[in-house]
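Working notes, structure below.
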Amino acid sequence: MVKQRVIVTGAGGQLGTDLVSLLLAEGYEVHGLTRSELDFSSQDEVDEVIGRISPDVIIHSGAYTKVDQAEAEVGLAFKINGDGAGFIAQAAEKAGAKLVYVSTDYVFDGTAVAPIAETAATSPVNVYGASKLEGERQTLAFSSKAFVVRTSWVYGLHGSNFVRTMLQLARQGKPLSVVGDQFGCPTFTRDLAGCIVALIRSDRYGVYHVSNSGSCSWHEFAAAIFEEAGLSVQLQAVTSDQFVRPAIRPGYSVFAHEALAQGGFPVMRHWREALQQFLAMENLGAVGYGGRRADSRHS
Ligand SMILES: NC(=O)c1ccc[n+]([C@@H]2O[C@H](COP(=O)([O-])OP(=O)(O)OC[C@H]3O[C@@H](n4cnc5c(N)ncnc54)[C@H](OP(=O)(O)O)[C@@H]3O)[C@@H](O)[C@H]2O)c1
């Protein structure tokens, strides 16, 4: 049987690395492209690389992800997250490829009081969120086979993230203050990658909210990390006003998973169960799927 050819952008990132490993393990022909192989903010490069590979599927997981820095680099954030997504979508359409655009809960303003449906009105409160929303707009404008996968509070085994930062700080033995008035859904990259692979096997295009189930505040998430890791930490909840950062964060961005349920896709396990697996794998120094290292960029 001919293998389906899949391009993964941002293949050196947290999610990109897991996607490449999972797709290889699932038997796809995988072209995991890091920035040095494809800078997607260049339309010429996008056209050349995608034209040459002629993929069946593109998973656009790469992005400008520096949420605070984006407030000072507005043009760059929009060029990479907005225009870059548009270049990818135009090239995907030309190739006849399915396209997954990975987006964010930061497209919402945080004023919701119940889990947010895919159809809810967007209204980003920071530059990063606005630039990712522009990427969604361009993706849906240019691609007739697009999945927009919004996700939240992502952590994985490759790269820096909240869980790893908390573990590092805890090991320094100092008391910690963590924001207790922002609520969301943590998401393990392995579970997210699995859901994306399920989506690309279908032709149920559209917008999806994809996160682990359940919800928590950052403070509750930190407390769970320490409890599961068996670390005793002096942990205090603070308000967003006491922990001011350049970019405003939405206060509430808990997802409902209606589109997954309606499409017959499995809703992901609870965030706490995913966290337990992450910590177990982190302790074992796990790197890939089924014992394979994730450093093979091509099948
Ligand atoms: N992390 C989260 O909490 C979170 C939450 C919601 C949504 N998301 C979305 O989920 C996706 C994956 O996030 P992640 O945490 O895996 O991100 P990540 O670890 O920061 O990886 C992003 C990757 O994109 C690459 N990249 C940036 N600009 C590029 C360009 N112009 N050309 C080629 N590659 C470029 C980066 O390469 P360099 O290392 O060379 O810069 C990096 O490898 C992103 O779309 C992000 O917006 C993330």
Side-chain angles (χ1 to χ4, degrees), residues 7-22 31-46 48-50 58-70 73 75-88 91 99-108 116 124 126-136 138-139 147-165 182 184-193 195-196 207-212 218 221 247 249-250 253-255 271 278 294-295 297:
I7 287 179
V8 178
T9 69
Q14 295 197 85
L15 174 62
T17 309
D18 273 356
L19 278 168
V20 169
S21 298
L22 177 58
H31 297 257
L33 307 176
T34 61
R35 186 193 290 263
S36 61
E37 290 147 319
L38 173 62
D39 176 349
F40 50 76
S41 65
S42 156
Q43 187 159 24
D44 287 347
E45 259 188 59
V46 168
E48 192 278 313
V49 172
I50 293 178
I58 300 173
I59 304 177
H60 185 33
S61 115
Y64 177 104
T65 54
K66 298 173 195 124
V67 176
D68 286 317
Q69 213 167 305
E73 293 186 331
L76 185 61
F78 271 82
K79 185 175 172 209
I80 294 176
N81 291 344
D83 295 344
F87 301 153
I88 296 275
L99 173 61
V100 178
Y101 172 72
V102 182
S103 190
T104 172
D105 57 323
Y106 284 9
V107 299
F108 296 109
I116 304 168
N126 59 42
V127 170
Y128 167 76
S131 70
K132 292 291 292 185
L133 183 60
E134 175 59 16
E136 287 191 9
Q138 296 209 23
T139 297
F147 302 91
V148 169
V149 172
R150 295 190 186 127
T151 189
S152 59
W153 297 23
V154 173
Y155 66 94
L157 293 159
H158 310 277
S160 55
N161 53 57
F162 181 79
V163 184
R164 285 185 157 168
T165 302
Q182 290 169 20
C185 306
T187 306
F188 185 19
T189 47
R190 289 210 153 207
D191 294 353
L192 175 56
C195 184
I196 289 173
V207 180
Y208 290 83
H209 285 179
V210 181
S211 63
N212 282 119
W218 288 111
F221 191 23
R249 266 70 173 170
S253 56
V254 177
F255 282 156
W271 64 266
F278 168 84
D295 52 7
R297 293 281 164 243

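We count ligands from 1, going down the list as the structure has it; atoms in each ligand are counted the same way.
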Q. So which protein heavy atom does atom 3 (O) of ligand 1 come closest to, and at what separation?
A. Val154 N, 3.0 Å
Q: Could you tell me whether Arg249 and Asp105 have a side-chain N and a carboxylate O separated by less than 4.0 Å?
A: no
(Q) Show me which atoms of ligand 1 lie under 4.0 Å from any heavy atom of Thr65. (A) 17 (O), 20 (O), 46 (C), 47 (O)
Q) Going by heavy atoms in the side chains, are Asn212 and Cys185 under 4.5 Å from each other? A) no
Q: Could you grab the distance from atom CZ of Arg150 to atom OG of Ser253, nearest 0.5 Å is fine?
A: 11.5 Å
Q. If you count the atoms of ligand 1 from 1 in the order shown, which ones are under 4.0 Å from a heavy atom of Gly12?
A. 43 (O)
Q.
List ligand 1 atoms under 4.0 Å from Leu15, heavy atoms only on the residue side.
A. 12 (C), 16 (O)
Q.
Can you check which of Gly62, Gly16, Gly13 brings a heavy atom nearest to atom 43 (O) of ligand 1?
A. Gly13
Q) Are the side chains of Phe108 and Pro250 in touch, meaning some heavy atoms are under 4.5 Å apart? A) no
Q. Do Tyr64 and Gln69 come close enough that some side-chain heavy atom pair is under 4.5 Å?
A. yes
**Q.** Protein heavy-atom partner closest to atom 19 (O) of ligand 1 - residue, atom, separation in Å
**A.** Gln14 N, 3.0 Å
(Q) Under a 3.5 Å distance rule, please check whether Tyr101 uses its side chain to pair with a backbone N or O of Lys132 as donor and acceptor. (A) yes
Q) Hey, are the side chains of His158 and Asp18 touching, using non-hydrogen atoms and a 4.5 Å cut-off? A) yes
(Q) Below 4.0 Å, non-hydrogen atoms only: which portion of Tyr101 touches ligand 1? Side chain, backbone, both or neither. (A) neither
Q: Might you point out which heavy atoms bring Ala77 and Ala70 nearest each other, and give the distance in Å?
A: CB-CB, 4.2 Å
Q) So which heavy atom in the protein is nearest atom 34 (N) of ligand 1, and how far is it from that ligand atom? A) Phe40 CE2, 3.3 Å
Q) What do you think, any protein heavy atom under 4.0 angstrom from atom 39 (O) of ligand 1? A) no
Q. Under 4.0 Å from ligand 1, counting heavy atoms only, is it the side chain of Ser103, its backbone, both or neither?
A. backbone
Q.
Heavy atoms only: which of Gly10, Ala63, Ser211, Ala11 lies closest to atom 27 (C) of ligand 1?
A. Ala63
Q) What protein heavy atom is closest to atom 45 (O) of ligand 1, reported as residue, atom name and distance in Å? A) Lys132 NZ, 2.8 Å
Q) Which atoms of ligand 1 are found less than 4.0 Å from any heavy atom of Thr151? A) 6 (C), 7 (C)
Q. With a 4.0 Å cut-off on heavy atoms, does Ser61 reach ligand 1?
A. yes
Q: Quick one: look at His60 and ligand 1, take heavy-atom pairs under 4.0 Å, and tell me if it's side chain, backbone, both or neither.
A: neither
Q) Taking side chain as C-beta onward, heavy atoms only, is Thr187 less than 4.5 Å from Tyr155? A) no
Q. Applying a strict 4.0 Å limit to heavy atoms, is Tyr106 in contact with ligand 1?
A. no
Q | Whether Asn126 side chain and Ala247 backbone form a donor-acceptor pair below 3.5 Å | A | no
(Q) In the structure I gave you, are the side-chain heavy atoms of Thr189 and Leu157 within less than 4.5 Å of one another anywhere? (A) no
Q: Would you mind reporting whether Asp39 and Val46 have side-chain heavy atoms less than 4.5 Å apart?
A: no
Q. Atom 46 (C) of ligand 1: which of Tyr64, Phe87, Tyr128 has the nearest heavy atom?
A. Tyr128
Q: Check whether any side-chain heavy atom of Val163 lies under 4.5 Å from a side-chain heavy atom of Phe278, and answer yes or no.
A: yes
Q) How far is atom 28 (N) of ligand 1 from its nearest protein heavy atom, and which residue and atom name does that atom have? A) Arg35 NH2, 3.2 Å
Q. Of the protein's non-hydrogen atoms, which lies at the shortest distance from atom 31 (N) of ligand 1, and what is that distance?
A. Asp39 OD1, 2.9 Å
Q) What atoms of ligand 1 come closer than 4.0 angstrom to any heavy atom of Val102? A) 9 (C), 10 (O), 11 (C), 45 (O)
Q: Would you kindly specify which portion of Leu38 sits under 4.0 Å from ligand 1, judged on non-hydrogen atoms: side chain, backbone, both or neither?
A: backbone
